[in-house]
Peer 1: 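This is the structure, below, for whatever I ask next.
Treat the numbers as computed from the prediction; the structure is a model and nothing was measured. Just so it is clear: chains get the letters A, B, ... in the order the sequence lines come, proteins before strands, and each one is counted from 1.
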Amino acid sequence: MELSKNFPHHEAEQKWYQRWVEKGYFRSRPDKNRDPFTIVIPPPNVTGVLHMGHCLNNTIQDILIRRARMQGKNACWVPGTDHASIATEAKVVQMLGERGIAKSSLSREEFLKYAWEWKDKYGGIILHQLKKLGCSADWDRTTFTMDPDYYRAVIKVFVDLYHKGYIYRGRRMIHWDVKAKTALSDEEVIRKPTQQKLYYLKYYVEGSEEFIPVATVRPETIMGDTAVCVHPDDERYKKFHGKRVLIPLIQRPVPVITDEYVTMDFGSGALKITPAHDMNDYLLGEKHGLEIIDIFNDDGTLNEKAVIFVGEERMQARKKIIKALEENNYIIKSEDYTSEVGYSERTHEVVEPRLSVQWWVRMKKLAEPALNAVMNDEIRFYPSRYKNLYRHWMENLRDWCISRQLWWGHRIPAWYDDAGNIIVAEDETKAAALYEKQHGKKATLRQDEDCLDTWFSSWLWPLEVFKGISRPGNDEFRYYYPTQTLVTAPEIIFFWVARMIMAGYEYAGNKPFGEVYFTGIVRDEQGRKMSKQLGNSPDLLALIDRYGADAVRFGIMIASPAGNDLLFDVKEESTLKQGSFFINKMWNALKLVKSWEQRLEEKDDASSFAVAWFHNRLHEAKAVQEQFFAEYKISEALKSLYSLIWDEFCSWYLEWVKPAANETISGSCYRSTIYFFEELMALLHPFMPFVTEEIYHKLKSREDDLIGKQMSAHEPADAAVLRQGELLKELITSIRDARNKAKIKPGEYIKLYLPEADQPVFVSFEKILKRQVNAEVIQYVSHPVPNTLTVIVQKHKCYIEAQHTGAGEEQRKKLEKDLEYLRGFLASVEKKLSNERFLQNARPEIIETEKKKKADAEAKIKAIEESLQNLK
RNA sequence: GGGAGCUUAGCUCAGCUGGUUCAGAGCAUCUGCCUUACAAGCAGAGGGUCGACGGUUCGACUCCGUCAGCUCCCA
């Protein structure tokens, strides 16, 4: 079989993915004879296109799923997308805009028609991109959060929570996006330090020439003031307690109140209270029973309650009011001031705190079991430090605002009559019936216009992908739930992870997943988070096209320390190159091994030591893999495989067994080599599925596929053989180094003398050693050989004889350097051993190892001293 | 303002319950090789007083404290 020069990734990716799908490897059905291993994908936005974050996240999931599949588990990876109400609605509005249609000109039904049109056309592109990455999800299970069943499930949960008393309607202070005209959850608000001006305004005391200076960054809201607050102990203002002051320009009197909340040395120490337009003011207002005056319309313009500048947009109003205040001599001074200002994640407008009637979920009770589950490790977090963060959040939970002023999403199942009575039911018919029952009459009911927060549907994800809400207790649900592992970004621990846990306990009485692995955040080479806004995420499909999916997977995983952020060098693409070099290396190893097919001979295996050594090395590596996976150190696992394949297998093992130019290779050695190669491909397959599958098939013609291969369990490795292998490597390296330093040409043969006393140690790998250091002959001697280079490996003294051992100087320098180090080392060990307090306090085994260190160092020093003698 | 995390070779990171034959890996760098799988390679090498200062200890990269710098989450 002729092998191409390089691994043909385009062809292989297409070929194998198609075959995997056709043979149904990704498909999972309940099977009582096997344990399920289930992962639900964090559903990407239906508007999403593959970016680095997805790539990392889904590669990890695929690695876990493929590994589980090869370990005999019933691996089930459920894919899907999230309807992403705000993002999608924005896309649809944009599409309409391009067609010259204004959203306001459409009815809700018309708009939704366009929205579905958009979704059917562009939605789910990302799922195709995940296939390009090689993701082995069960595509038959693809779920969308607005699928009919899913939709009903969301509504059912809303109705249920409402009747249980968890959901209520309340006037609360919320973040308002004046551009999108919608409420935002706390999480959708981005806080950024912003340069502002702090104005000191005169609030004249009623009927007096005296005034209280009040500092504010939002002078346009003074018309909504309902008090001025000072610290009760503030001497400057004690005389004004109980008095009233006049709001500048409009002259409305408001009381002076006191509260310890005020910081005396910030600003003027006097705070204007505007309960309608500031979170803290609202709380203070509630505490002191203040009136609430809302001076804004929902688009951020001033309303008639503002009295002045009615109809002006808030930022314009600020400019105008400052001018008016200046003209009327109300401004004492202004100073620069930087503080955090909230911006809408979607529209980037400054968020307006606003009082609004919204739907809420009471969280406290739901949170209890969810907090306990994580704290007592029923659900494990990796890395575990997120437990602290989680606890802190769960213990300080606030109610969840779940209504959104959007059309794309799950419409709130609440109906109102003309008097404003509320009926919550799953559909209009049920609502009407319930209304009649409650009120004893029929009425025209009007459904709430708002939609539910997207997270109110995604918190049901692990439940409803198996129809756990719409068809509770069904077989699939009972088999797959709870799922095993959730892989997600730490930034959505509260939006999503915490709420799924709550929903899990509320609706299934059980956790939704056993383990949560938090990935790092992907950053660019400048350390900036990769984001759509910055446009610093590379085009993944282009990278996959250029380097291949395996190289991309490798590149992103190798750079991805567990739980830490990942710096991805987009410019150099260095880890991608490393990945494709690695593929090339394996491809060439394949070519080498295949070339032996024509040179087989059934004979004694001269390299049996190599086979025995690699056999043990492989089992040791398998155990290491298991350990790494158990701790979710996935990039460590990949690093160790990389080194196992490149260094141990290619650089050492293959070189040891490689037949010389005109020689044959023993059949048993060849078969072992093929077996090792297969095992290595199996270990690597979860990380790099395509190239490993290709090599697996090229190694031997076969019917089965690597993706479905069951991994054999590892056996305990023989430590003695492993030590022998390390000794051999060290001998080879040291002798080669000595050759280099003595300027012995690579092609030149040497004579190698080994210590007779150690012959039993060397004999098993003597032949390998001879070839690897290019020795013409190996002899065992009991005394130093004159006119040779000495190499000391561990405790063994070896002598090299060459035609011109010329530059003995290098050799001497090295030995002297080693000697110096060892003497220093010995001194420190001796010092320690002569320290009585050390002897008293240290554990016995520590003292033993120190004694051994001393003996070893002494032996080695002696050997070096002898060698130096020999050099003279 | 509250909370969390990070600071180890040029870069990205490992280093568990404290004990110098462990200060390590990969990439990058340097030297020598176009050796019949691979120059996308092979064989070697150099490079860090483990952010700063204190403390605990016989002994600290590893524990505690203070400080500095960076990042994230929340008010």
Side-chain angles (χ1 to χ4, degrees), chain A residues 3 5-6 186-187 189 191 263 266 279-280 339-340 342 383 385-393 396 398 490-491 493-494 520-521 523 525 527-529 558-569 572 574-575 577-596 631 633 635-636 638-640 642-643 646-647 650-651 654-655 658 660-662 732-734 736-741 743 745-747 772-774 794 818 821-822 824-826 828-829 831-843 845-847 849-850 852-854 856-857 860:
Chain A
L3 287 168
K5 186 167 189 302
N6 305 109
D186 291 352
E187 293 84 358
V189 176
R191 291 181 174 77
T263 312
F266 179 79
M279 291 283 179
N280 293 318
S339 68
E340 300 264 301
R385 67 179 134 92
Y386 286 109
K387 268 171 85 170
N388 286 336
L389 200 70
Y390 181 82
R391 175 169 57 198
H392 189 254
W393 164 268
N396 296 286
R398 286 185 291 166
E491 58 215 41
I493 185 167
F494 310 127
I521 294 166
R523 304 174 176 285
E525 64 278 359
R528 299 175 307 176
K529 182 174 165 177
I558 204 81
S560 174
N564 273 339
D565 289 356
L566 172 161
L567 261 85
F568 192 82
D569 189 345
E572 297 292 330
S574 54
T575 59
K577 284 180 188 149
Q578 197 185 347
S580 56
F581 292 173
F582 184 37
I583 289 168
N584 190 245
K585 184 73 187 175
M586 292 187 285
W587 193 250
N588 276 292
L590 172 69
K591 285 203 277 191
L592 175 68
V593 171
K594 290 304 281 184
S595 76
W596 297 344
E631 294 165 7
K633 292 184 173 170
S635 75
E636 292 292 317
L638 177 57
K639 279 179 190 168
S640 85
Y642 174 74
S643 161
W646 197 309
D647 303 330
C650 293
S651 297
L654 288 181
E655 293 299 331
K658 189 181 193 172
N662 300 313
I732 294 169
T733 305
S734 304
R736 280 176 180 167
D737 184 34
R739 289 182 58 125
N740 255 356
K741 287 214 163 77
K743 306 248 189 305
K745 295 243 161 53
Q772 294 301 303
V773 299
N774 213 11
Q794 295 182 4
D818 287 354
Y821 170 80
L822 279 168
F825 176 71
L826 181 63
S828 81
V829 174
K831 190 179 160 201
K832 192 179 285 186
L833 281 170
S834 62
N835 182 338
E836 277 196 33
R837 289 207 280 180
F838 170 71
L839 295 174
Q840 276 167 13
N841 294 319
R843 278 173 293 141
E845 59 266 33
I846 299 289
I847 295 173
T849 59
E850 289 301 319
K852 187 168 179 303
K853 280 182 201 169
K854 184 179 175 222
D856 287 351
K860 210 161 176 187

Peer 1: Would you mind telling me which residue lines up with the more 5' stretch of RNA chain B, Lys591(A) or Phe582(A), judged by nearest nucleotide?
Peer 2: Lys591(A)
Peer 1: Rounded off to whole Å, could you give me the CG-to-C1' distance for the Asn588(A) and A37(B) pair?
Peer 2: 5 Å
Peer 1: Among the nucleotides G44(B), A75(B), C38(B), which one has an atom lying closest to any side-chain atom of Asn584(A)?
Peer 2: C38(B)
Peer 1: Can you tabulate the close N/O pairs, meaning under 3.5 Å, that link protein atoms to atoms of nucleotides 30-34 of chain B?
Peer 2:
none

Peer 1: Figure out the CD1/C1' separation between Ile583(A) and C38(B), and round it to whole Å.
Peer 2: 14 Å
Peer 1: Take atom OH of Tyr390(A) and atom C1' of G5(B), then tell me their distance rounded to the nearest Å.
Peer 2: 20 Å
Peer 1: In whole Å, what is the span from the CD atom of Gln772(A) to the P atom of A43(B)?
Peer 2: 9 Å
Peer 1: Closer than 4.0 Å, any side-chain N/O of Tyr386(A) to the OP1 or OP2 of C72(B)?
Peer 2: no
Peer 1: Find which nucleotide of RNA chain B each of Leu590(A) and Arg736(A) is nearest to by heavy atoms, and output the residue with the more 5' nucleotide.
Peer 2: Leu590(A)
Peer 1: Give me the distance, rounded to whole Å, that separates G48(B) from U29(B) when you measure between the C1' atoms they each carry.
Peer 2: 15 Å
Peer 1: Using a cut-off of less than 4.0 Å, is there contact between a side-chain N or O of Lys5(A) and OP1 or OP2 of A40(B)?
Peer 2: no
Peer 1: Can you tell me which nucleotide in A37(B), A40(B), G41(B) comes closest to the side chain of Trp646(A)?
Peer 2: G41(B)
Peer 1: I want to verify a distance call: between C27(B), C42(B), A40(B), whose nearest atom is closest to the Gln578(A) side chain?
Peer 2: C27(B)
Peer 1: Could you work out which one of A37(B), C38(B), G41(B) sits closest to the side chain of Ala589(A)?
Peer 2: A37(B)
Peer 1: Check whether any side-chain nitrogen or oxygen of Lys633(A) sits under 4.0 Å from OP1 or OP2 of C16(B), and answer yes or no.
Peer 2: no
Peer 1: Mind listing the closest non-hydrogen atom pair of Lys5(A) and Lys591(A) along with its distance?
Peer 2: O-NZ, 3.1 Å
Peer 1: Taking ring pair (Phe, Tyr, Trp, His ring centres under 6.0 Å) as the definition, give me every residue that meets it alongside Tyr390(A), ordered by chain and number, with sequence neighbours left out.
Peer 2: Phe381(A)
Peer 1: Output the single nucleotide from A14(B), A37(B), A40(B) whose closest atom is nearest the side chain of Leu592(A).
Peer 2: A37(B)
Peer 1: Identify whether any heavy atom of Glu655(A) sits under 4.0 Å from a base atom; if not, whether one sits that close to sugar-phosphate; answer base, sugar-phosphate or nothing.
Peer 2: base
Peer 1: Paired with G51(B) by Watson-Crick or G-U wobble geometry, both distances under 3.5 Å: which nucleotide is it?
Peer 2: C67(B)
Peer 1: Starting the side chain at C-beta, find the nucleotide from G26(B), C13(B), C38(B) nearest to Asp647(A).
Peer 2: G26(B)
Peer 1: Considering every strand and a 4.0 Å limit on heavy-atom distances, what is the contact class for Thr733(A): base, sugar-phosphate, or nothing?
Peer 2: sugar-phosphate
Peer 1: Any idea which of C42(B), A40(B), C74(B) is nearest the Phe581(A) side chain?
Peer 2: A40(B)
Peer 1: For U36(B), take OP1 and OP2 only and decide whether either is under 4.0 Å from a side-chain N or O of Ser595(A).
Peer 2: no
Peer 1: With sequence neighbours excluded, what pairs up with Trp587(A) under the ring pair (Phe, Tyr, Trp, His ring centres under 6.0 Å) test?
Peer 2: Phe7(A)
